[in-house]
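Okay, so here's the structure we're looking at.
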Amino acid sequence: MNEDEVWAAIDTQRLRTVDLLESLSAEEWAHASLCDGWTVRDVAAHLTLQQISLGDGLRMALRHPGSINHINRENARRRAGLPTERLIADIRGMVGSRRHNFGLTHLDTLIDIVIHGQDIAIPLSRELEADPQAAAAAATRVWSDHLTRRGRWKLRVFRSVPYEHYQLTATDTPWSVGEGLEIRGPILSILMVLTGRLVCLPQLTGEGAVALRERLDQPGSATVRAAE
């Protein structure tokens with residue numbers, strides 16, 4: 001996807017997420033998301049912070065000093081105190097804008113909206129559509145960051161999954177990376193597992209999926225949970 005196509009996909013996903021949020025009950029807004037310690041409201045509030053300038057970022061860091069995860073979590077919780085209608089309006093208000101957080105790119109913004117939308121939808125047993133081509137672009141970026149270690153300084157809600165030595169192959173769009181035992185499945189499920197959302201692992205098949213599950217079940221293996 002070129003940059004114009006990525007921004008169009010971001011706009012589409014923001015509108016889909018807004019539609020989902022508008023349909024939620026008060027109880028669903030207070031429900032736990034896939035991110036440990038984050039409610040659905042916290043994640044929605046985080047999504048309103050996709051256009052942070054350098055000055056905004058510095059003020060956030062001064063308000064809640066600590067790791068990037070800590071800064072983002074605490075500022076999301078602070079913003080979660082706003083009325084529901086305001087949070088929804090703020091996400092909708094970004095549609096058509098090409099601003100992104102200081103130091104990040106349009107691809108990082110795509111990753112954020114696609115993944116966090118699922119962090120909201122999955123624990124509520126709600127469906128939130130994501131275009132396979134957009135999910136593939138996001139997965140390619142995540143994989144590239146892993147290989148080059150470019151993403152070491154970025155927000156990590158989950159610890160890394162040990163997916164080296166596997167070949168990841170999408171079944172709903174032309175996309176494949178890596179070498180080794182094959183893990184197959186929908187590209188959105190692959191993206192979620194790549195970013196540590198193991199709730200989606202049962203949707204993946206192949207010898208690699210079996211091996212990865214066995215590896216993660218072994219004592220002393222890297223756990224995947226919310227990072228501090």
Side-chain angles (χ1 to χ4, degrees), residues 9-10 12-50 69 72-73 76-77 80 84 87-88 91-92 108-143 154-163 168-173 175 183-206 209 212-213 216-217 222-227:
I10 291 169
T12 297
Q13 209 59 34
R14 281 173 172 160
L15 289 173
R16 286 171 176 163
T17 302
V18 163
D19 287 343
L20 172 63
L21 292 173
E22 288 181 329
S23 74
L24 301 184
S25 66
E27 291 76 16
E28 288 174 312
W29 274 87
H31 197 283
S33 73
L34 285 188
C35 302
D36 188 24
W38 291 53
T39 65
V40 165
R41 177 174 291 275
D42 293 334
V43 177
H46 171 72
L47 288 175
T48 70
L49 300 173
Q50 286 193 316
N69 279 310
N72 278 274
R73 182 185 64 220
R77 287 176 175 171
T84 297
L87 297 176
I88 293 173
I91 297 172
R92 187 191 301 277
D108 300 309
T109 305
L110 175 66
I111 293 168
D112 203 46
I113 188 63
V114 171
I115 291 176
H116 284 314
Q118 299 303 314
D119 287 337
I120 291 170
I122 290 173
L124 297 178
S125 299
R126 297 290 198 110
E127 292 291 331
L128 180 59
E129 182 183 358
D131 179 70
Q133 190 176 6
T140 298
R141 175 67 171 194
V142 171
W143 181 260
K154 295 178 186 174
L155 171 65
R156 294 299 186 207
V157 175
F158 289 81
R159 295 180 181 175
S160 297
V161 175
Y163 45 74
L168 304 168
T169 302
T171 55
D172 54 349
T173 193
W175 187 90
I183 298 174
R184 299 186 302 274
I187 185 61
L188 182 58
S189 298
I190 290 175
L191 172 62
M192 295 297 285
V193 171
L194 281 176
T195 57
R197 279 71 171 174
L198 296 187
V199 67
C200 294
L201 187 55
Q203 299 169 21
L204 305 181
T205 61
L212 180 59
R213 281 193 288 268
L216 292 171
D217 286 342
T223 57
V224 183
R225 61 178 183 271

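Only this structure's heavy atoms are used, side chains among them; waters, hydrogens and symmetry mates stay out.
Across all their heavy atoms, L34 and R197 have their closest contact at CD1-CG, 3.9 Å. Looking at every heavy atom in both residues, A170 comes nearest to I187 through CB-CB, 3.9 Å. Shortest non-hydrogen contact noted between P186 and T171 is N-OG1, 3.4 Å. T17 approaches G117 most closely through the heavy-atom pair OG1-CA, 4.5 Å. Closest approach of S23 and L20 over heavy atoms only: OG-O, 2.7 Å. In plain terms, the two heavy atoms of A134 and L110 that are nearest each other are O-CD2, 3.5 Å.
Judged by distance alone, with hydrogens and angles left aside, the side-chain atoms of Q13 form a donor-acceptor pair with the main-chain N or O of E129 at under 3.5 Å. Judged by distance alone, the side chain of E28 and the main-chain N or O of S25 form a donor-acceptor pair under 3.5 Å. Put simply, the side chain of D42 gets close to the backbone of T39: a donor and an acceptor are under 3.5 Å apart. Between the side chain of Q118 and the backbone N or O of L128, at least one donor-acceptor pair lies under 3.5 Å.
Here the OG1-CD1 distance, from T195 to I111, works out to 9.0 Å after rounding to the nearest 0.5 Å. In this structure, CH2 in W175 is found 8.5 Å from CG in L191, a value given to the nearest 0.5 Å. Taken to the nearest 0.5 Å, the CD1 atom of I190 stands 10.5 Å off from the CH2 atom of W143. Separating the CD atom in E22 from the CD1 atom in I91 is a distance of 10.0 Å, to the nearest 0.5 Å. With values rounded to the nearest 0.5 angstrom, L47 atom CG is found 8.0 Å from L21 atom CG. One distance of note links CG of D19 with CZ of R14; it measures 14.5 Å at 0.5 Å rounding.
Taking the side chain as every heavy atom from C-beta outward, L188 and V114 approach each other to under 4.5 Å. Proximity of R184 to L204: side-chain heavy atoms (C-beta onward) are nowhere separated by under 4.5 Å.
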Inset, instruction - Assess whether side chain to side chain contact (heavy atoms under 4.5 Å, CB included) is satisfied between M192 and D119, documenting all intermediate values. - result: CA-CA 9 Å; M192 295 297 285; D119 287 337; 3.9 Å; yes
Inset, instruction - Begin from the C-alpha positions of L198 and V193 and carry the test side chain to side chain contact (heavy atoms under 4.5 Å, CB included) through to its verdict. - result: CA-CA 5 Å; L198 296 187; V193 171; 4.2 Å; yes
Inset, instruction - Evaluate side chain to side chain contact (heavy atoms under 4.5 Å, CB included) for L24 paired with L124, printing each intermediate quantity in order. - result: CA-CA 9 Å; L24 301 184; L124 297 178; 3.7 Å; yes
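Checking D108, D112, T109 one by one against Q50, the side-chain hydrogen bond (donor to acceptor under 3.5 Å, both in side chains) holds for a single residue, D112.
Using cut-offs of 30° and 60° on the angle between ring planes, the pair W38 and H116 is parallel.
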